[in-house]
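Have a look at the structure below, then the notes.
Along the sequence shown, residues carry numbers from 1.
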Amino acid sequence: MDYIERRIRRLEADYRHCLRDYKRALSRTWILRERLGRLPLAALDGADGISSLSSNLSAVAERAGWLRRRTSEAQGRLKVFDPDEQRKRNADVDGHCRMLMPDGTYCGKPTVDGSRWCAGHADLWDDRDPWGHHVIGWWRGIHIEYTLDGAYARLSCPEPVCADRLRGTIAESKETLDRESPYGTDDLCTREDIARWTTMPDEYVEKR
C-alpha cells in the first residue's frame, strides 16, 4: 500500500467516523424531542426540569448541526480526491524529498512510492484545503502588530500548507502589508524576511 492508497483509506475512515458521530447526535436529538413532547401540560408551569431538558435539546441540536457540516466536509474531501491527479502532482523530481522546511531548505531525504516525498513526509496532506492536496512545506504569514512605538510587521508561526494555500498565504500577507503601510521592521521581522515570505518558490510559480 503506497501513500495514495493510505490517503484514500484515511479519507474513507474519516467519513465513516464523522457519519457515525452525526447519526448518534441526530438520534440523541430526536430522543430529547420525544421526551419534551411527552411532558404533561401541568409540568410546564414553573418546572426546572423542562428548562433543563430544553437546554439539553438545544445543545445537542447545535452539536448535530456542527457534526453535519463536518461530515459534509469529510465527504467532499473523499469525493474530490483523484488518485491519478495526485500521483501526477506529487511525482518524484530528483529522488530527494522536496518538502520545504521552515528554514527555507528542502528536506532532501530519499523519496518513496514514486513521489517527491520521503517516508516521513509522504502522508502529510492539507485537510484545511478544500481539495485536500498534499502539503508542500511550512510557510509563514505576515501580520501587523501595533505597539506604543508604532506598527510593526510580524511573522506568524510556520504552518504546513499545500501549494494553493501557500499562494493564498502570500496574497493575504501582501494585501495586509499594502493596506497597513507604512509600517516598521526590526529583528523580529526584517525586510529580508518580508521579501522571502511573500515570494513564491520557483517550482510552484504558475506558468502562463
Side-chain angles (χ1 to χ4, degrees), residues 1-90 99-100 102 112-141 143 156-169 171-172:
M1 183 185 299
D2 69 4
Y3 76 113
I4 294 292
E5 293 165 330
R6 288 194 297 272
R7 178 58 173 172
I8 293 173
R9 288 203 174 185
R10 172 63 187 275
L11 291 173
E12 291 173 343
D14 284 349
Y15 174 58
R16 287 196 304 269
H17 293 160
C18 288
L19 185 60
R20 178 200 61 194
D21 291 345
Y22 170 55
K23 287 181 176 180
R24 286 177 177 175
L26 203 59
S27 176
R28 178 66 175 161
T29 302
W30 283 109
I31 290 172
L32 287 175
R33 282 178 177 173
E34 286 293 318
R35 289 179 180 176
L36 195 59
R38 290 197 195 102
L39 284 175
L41 292 178
L44 299 178
D45 296 329
D48 292 335
I50 185 66
S51 176
S52 176
L53 191 59
S54 178
S55 177
N56 287 341
L57 174 59
S58 177
V60 171
E62 183 177 347
R63 174 171 171 74
W66 175 76
L67 288 170
R68 180 181 181 181
R69 292 190 295 273
R70 193 181 73 161
T71 301
S72 178
E73 291 171 359
Q75 184 181 36
R77 285 194 294 270
L78 179 58
K79 279 186 174 181
V80 300
F81 189 81
D82 185 333
D84 293 333
E85 180 191 358
Q86 292 301 333
R87 290 187 194 282
K88 182 178 179 181
R89 289 175 65 98
N90 296 286
M99 184 65 64
L100 283 166
V112 296
D113 297 334
S115 74
R116 62 175 59 201
W117 318 116
C118 66
H121 293 136
D123 293 315
L124 288 180
W125 298 87
D126 193 344
D127 286 332
R128 294 182 61 186
D129 173 48
W131 296 96
H133 290 316
H134 200 282
V135 168
I136 64 168
W138 278 259
W139 204 258
R140 292 178 183 269
H143 62 277
S156 65
C157 294
E159 181 181 355
V161 294
C162 66
D164 288 345
R165 287 217 302 127
L166 189 153
R167 292 186 186 93
T169 300
E172 186 176 345

| query | Hey, is the main chain of Cys18 close enough, under 3.5 Å, to the side chain of Thr71 for a donor-acceptor pair? | reply | yes
| Quick one: are Tyr3 and Asn90 in side-chain contact, heavy atoms under 4.5 Å? | yes
| said: Nearest 0.5 angstrom please: Thr169 OG1 to Arg140 CZ, how far? | reply: 12.5 Å
| Should the ring pair Trp117 and His134 be called parallel, tilted or perpendicular, given that the plane angle runs from 0 to 90° and is split at 30 and 60? | parallel
Using a 3.5 Å cut-off and no angle test, enumerate the donor-acceptor pairs between side-chain atoms of residues 158-167 and protein atoms at least two apart in sequence or in another chain.
unit_1, atom_1, unit_2, atom_2, d
Glu159, OE2, Arg128, NH1, 2.4
Glu159, OE2, Arg165, NH1, 3.3
Glu159, OE2, Arg165, NH2, 3.2
Asp164, OD1, Arg167, NH1, 3.0
Arg165, NE, Asp126, OD1, 3.3
Arg165, NE, Asp126, OD2, 2.8
Arg165, NH2, Asp126, OD1, 3.3
Arg165, NH2, Asp126, OD2, 3.3
Arg165, NH2, Pro160, O, 3.2
Arg167, NH2, Tyr204, O, 2.9

| task | Determine whether His133 and Gln86 make a side-chain contact, defined as any pair of heavy atoms from C-beta on separated by less than 4.5 Å. | result | yes
| Can you tell me how far the CG atom of Leu67 sits from the CZ atom of Arg24, to the nearest 0.5 Å? | 11.0 Å
| request: Answer yes or no: are there more than 12 heavy-atom neighbours, outside Trp138 itself, under 6.0 Å from its atom CH2? | output: yes
| When rounded to the nearest 0.5 angstrom, what is the spacing between CG in Leu100 and NE2 in His121? | 10.5 Å
| Between CH2 of Trp125 and CD1 of Ile4, what distance do you get to the nearest 0.5 Å? | 4.0 Å
| query | Would the number of heavy atoms belonging to other residues, nucleotides or ligands and lying under 6.0 Å from CZ of Arg20 be above 12? | reply | yes
| said: If you apply the rule side chain to side chain contact (heavy atoms under 4.5 Å, CB included), what do you find for Thr29 with Arg63, and how did you get there? | reply: CA-CA 9 Å; Thr29 302; Arg63 174 171 171 74; over 6 Å; no
| task | Answer yes or no: is there a donor N or O on one side and an acceptor on the other, between the side chain of Ser27 and the main chain of Lys23, under 3.5 Å? | result | no
| task | Check the surroundings of atom CZ in Arg70: do more than 12 heavy atoms from other residues, nucleotides or ligands lie under 6.0 Å from it? | result | yes
| Are any of the side-chain nitrogens in Arg87 or Asp2 under 4.0 Å away from the carboxylate oxygens of its partner? | yes
| message | Using side-chain heavy atoms (C-beta onward) and a distance below 4.5 Å, is Ile8 in contact with Glu12? | response | yes
| query | Between Asp14 and Arg10, is there a side-chain N and carboxylate O pair less than 4.0 Å apart? | reply | yes
| field | Within 6.0 angstrom of Glu172 CD, more than 12 heavy atoms from elsewhere | value | no
| field | salt bridge (Lys or Arg N to Asp or Glu O under 4.0 Å) between Arg7 and Asp127, intermediate numbers included | value | CA-CA 11 Å; Arg7 178 58 173 172; Asp127 286 332; 2.8 Å; yes
| task | Would you check if the side chain of Arg6 reaches a backbone N or O of Met1 as a donor-acceptor pair within less than 3.5 Å? | result | yes
| request: To the nearest 0.5 Å, tell me how far Tyr15 OH sits from Ser72 OG. | output: 9.0 Å
